[in-house]
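Structure record follows, encoded as structure tokens.
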Amino acid sequence: MADIINLVNAESKLETMRHSASHVLAEAVLSIFPDAKFGIGPAIEDGFYYDFDLPRSLTPDDLPVIEEKMGEIIKADLPFTHKEITKAEAKKLFASQPYKLELIDEIPDDKVGIYEQGGFVDLCRGPHVNSTGEIKAFKLSNIAGAYWRGNERFPMLQRIYGTAFTSQKELDEHLTRIEEAKKRDHRKLGKELDLFLTPDEIGGGLVIYTPKGGRIRAVIEEFWRQEHFANGYEILYTPHIGLSKLWETSGHLDFYQENMYSPIDIEGQEYYLKPMNCPFHMLAYKSRTRSYRDLPLRWAELGTVYRYERSGVLLGLLRVRGFTQDDAHIICTPEQMNSELSEVLRFSLHMWRVFGFQKYRVFLSTRPEKSIGTDQMWQDAENALRRVIDENELEYEVDEGGGVFYGPKIDLKIEDAIKREWQMTTIQFDFNLPERFDLVYIGADGQEHRPYMIHRALLGSWDRFFGLLIEHYAGAFPAWLAPVQVNVIPVADRHLEHARKLEKEMRNLGIRVEVDDRSERMNLKIRQAQLDKIPYMVIIGDKEVADNSVSVRRRSGEQLPTQPLAGFLETLTKEIADKV
RNA sequence: GCCCACAUAGCUCAGUCGGUAGAGCACAUUCUUGGUAAGAAUGGGGUCAUCGGUUCGAAUCCGAUUGUGGGCUCCA
């Protein structure tokens with residue numbers, strides 16, 4: 001127990017120091033730009049920032065200058081002094097600081113807190129460290145534009161990001177972690193391992209999967225299909241475009257148009273690229289009379305959708321304009337809703353485990369401003385989602401107003417190997433589409449009833465999932481996913497014939513195998529396979545040809561004892577089947 | 001979209017003060033047949049992102065456009 005409290009203290013102490021560092025940053029900026037206007041300067045997850053309105057744009061060259069100034073302030077060990085003053089006094093004090101005046105106006109109390117160190121006074125609730133000397137190790141990382149209050153109708157300020165730690169060692173470790181993260185960046189690895197391309201020629205946010213990436217995708221899609229069939233799903237295929245009338249019916253043109261591309265004219269009719277797959281599934285449901293005996297229907301699709309994203313938000317595979325959702329719609333009776341929701345959640349967590357992800361956070365998103373449906377419907381749906389989370393004994397956080405226009409949702413943020421979180425899974429209540437498409441089923445009473453619908457994407461989108469997967473494994477995919485599982489390396493050309501025989505044998509077992517048949521030295525081929533992160537290298541020389549054995553090297557560098565071919569194939573096929 | 005930075009060979013990058021293009025890897029050919037992370041030689045490959053301006057002369061300076069990166073907002 002004591003440990004936990006200490007940990008919390010340590011955390012808030014670090015936060016306090018970072019917050020103080022942001023004040024030191026502000027003082028340094030003030031000394032360089034006496035006319036600077038100040039926004040806010042909080043501590044954040046990995047450090048701190050401060051927003052400024054400055055007479056000129058900052059460039060990266062400014063950072064070392066500011067850092068040096070900060071160093072001087074810290075070395076001078078200036079005390080932080082705290083005062084409570086009246087609002088009227090504060091307004092006088094910050095008369096030339098429009099952003100601070102705005103903040104003062106919004107503080108409900110009569111008194112406001114100010115902190116002063118050196119020549120810099122800031123409106124601030126604190127707390128702070130006693131003096132600037134307590135800031136032990138800091139670094140400014142980058143400059144960025146940021147709208148005042150995060151709203152693009154307000155002026156854009158210049159934000160300086162930095163971080164601070166209680167020792168140089170911890171700061172260095174932090175910087176090393178950032179370097180490590182860069183090494184496993186999926187954009188870098190995607191290029192190095194030849195998994196996918198985002199060529200300038202096709203436009204931003206559009207992706208080409210090359211053969212190795214395509215192989216992985218095919219393996220995952222195959223697994224995904226098997227799992228879905230095994231869990232009572234059927235698979236649909238639907239077109240990429242549809243008539244404007246369809247999107248009017250679905251409500252997308254009313255509520256989602258800002259994310260949709262301009263229509264395509266075909267023989268005088270307007271068609272839209274699909275931003276979602278749902279309307280097609282609705283039509284499939286409506287194609288015949290449905291009985292309560294048919295429900296639940298679980299219809300899945302790997303559907304490629306196109307959404308307008310502002311150029312500035314595009315990011316490798318993680319944020320694109322054309323992506324393939326692992327989508328599904330579950331249409332059920334009200335009575336089935338709970339168990340279906342619960343089952344979707346279980347299925348989702350199962351899938352994540354298979355791919356090596358153990359940690360996640362659950363978010364419940366409630367009614368947004370722009371939405372359809374009655375308060376009662378939203379209330380009921382939110383309660384249903386809460387119940388399912390509770391039944392599964394999961395902790396969750398509420399994202400007020402974070403729902404989609406057609407219903408509340410549960411999102412899962414998945415934690416990767418280096419503890420970053422990604423929003424992937426979404427399980428959404430949808431009471432819009434059954435209504436709009438007038439979906440009905442015939443109940444046991446012979447009357448028409450309105451079904452409920454769940455809209456879900458387990459992995460989220462194939463593209464984002466793949467980006468995450470690359471970073472999670474740092475490109476070293478487990479054997480079941482690796483595009484090439486075995487690289488056969490003949491020591492000399494005379495061993496090539498035997499290597500070909502092995503290749504054929506492994507291929508017959510469904511193993512993804514390649515022979516490095518170049519007239520190069522074995523060392524080079526091993527190095528190459530190592531760089532390609534191929535799980536197994538099978539070296540074939542005179543000894544192996546003579547007794548049909550294999551010398552196996554793992555990409556970890558570990559060398560397995562020479563063994564009979566049959567034994568190796570058995571352990572390998574088992575490893576692949578076990579998905580470890 | 002907005003703020004800042006960047007864009008040179010397939011990849012990673014160098015290119016000083018403005019004087020007309022370089023390396024390594026990759027690729028091709030040849031030699032080499034080597035036992036657990038790089039054998040050697042030779043060769044091909046660039047409208048220096050695009051368009052415009054300044055200049056006797058632009059990869060280099062200026063502007064615009066496109067794309068990329070770091071952020072803001074949004075999101076699977």
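In what follows, chains are A, B, ... by sequence order, proteins preceding strands, each numbered from 1.
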Q. Would you say the side chain of Arg307(A) and the base of C74(B) hold a donor-acceptor pair, judged only by whether the two atoms sit under 3.5 Å apart?
A. no
Q. Rounded to the Å, how far apart are Asp185(A) CG and U68(B) C1'?
A. 12 Å
Q | Same-atom distance (P) from C25(B) to U54(B), integer angstrom | A | 43 Å
Q) Looking at Asn487(A), Asp516(A), Val491(A), which one forms a side-chain contact (heavy atoms from CB on, under 4.5 Å) with Lys525(A)? A) Asp516(A)
Q: Examine Phe347(A) together with His228(A) and report whether their ring centres are nearer than 6.0 Å.
A: yes
Q: For the residue pair His23(A) and His19(A), categorise the inter-ring angle as parallel (less than 30°), tilted (30 to 60°) or perpendicular (more than 60°).
A: perpendicular
Q. Tyr233(A) and Trp224(A): aromatic ring centres closer than 6.0 Å?
A. no
Q) Can you tell me if the side-chain N/O atoms of Arg553(A) get under 4.0 Å from OP1 or OP2 in G35(B)? A) no
**Q.** Selection from A37(B), A76(B), U33(B) that lies nearest to any side-chain heavy atom of Ser519(A)
**A.** U33(B)
Q: Pull out every residue in residues 349-357 of chain A that has a heavy atom closer than 4.0 Å to any atom of RNA chain B, ordered by number, or say none.
A: none
Q: Consider the side chain of Asn142(A), meaning its heavy atoms from C-beta on, and name the nucleotide among G34(B), G70(B), C72(B) that approaches it most closely.
A: G70(B)
(Q) Return whichever of Leu524(A) or His495(A) has its heavy-atom-nearest nucleotide of RNA chain B closer to the 5' end. (A) His495(A)
Q: Report yes if a side-chain nitrogen or oxygen of Lys409(A) is closer than 4.0 Å to either non-bridging phosphate oxygen (OP1 or OP2) of A76(B); otherwise report no.
A: yes
Q) Going by number, which of residues 43-56 of chain A have a non-hydrogen atom under 4.0 Å from RNA chain B? A) none
Q) Is the aromatic ring centre of Phe323(A) closer than 5.5 Å to the centre of the six-membered base ring of A76(B), with the two planes inclined by less than 30°? A) yes
Q. In whole angstroms, how far is the P atom of C75(B) from the CE atom of Met260(A)?
A. 17 Å
Q) So does Gln158(A) reach the base of G71(B) with its side chain, donor to acceptor, closer than 3.5 Å? A) no
Q: Return one dot-bracket line describing RNA chain B 5' to 3' (Watson-Crick or G-U wobble pairs, both distances under 3.5 Å; ( ) same strand, [ ] crossing, | another strand, . none).
A: (((((((..((((.....[..)))).(((((.......))))).....(((((..]....))))))))))))....
Q. Whole-Å distance between A76(B) P and Tyr308(A) OH?
A. 17 Å
Q) Can you find a donor-acceptor pair, distance only, under 3.5 Å between Glu309(A) side chain and A76(B) base? A) yes
Q) Under 4.0 Å between a side-chain N or O of Arg187(A) and OP1 or OP2 of G70(B)? A) yes
Q: Give a yes or no on whether the ring-centroid distance for Trp378(A) and Phe431(A) is below 6.0 angstrom.
A: yes
Q) How close or far is atom C1' of G71(B) from atom CG of Leu315(A), stated in whole angstroms? A) 12 Å
Q) When the ring planes of Phe466(A) and Phe196(A) are compared, do they come out parallel, tilted or perpendicular, using 30° and 60° as the limits? A) perpendicular
Q: State yes or no: are the ring centers of Tyr50(A) and Phe52(A) separated by less than 6.0 Å?
A: yes
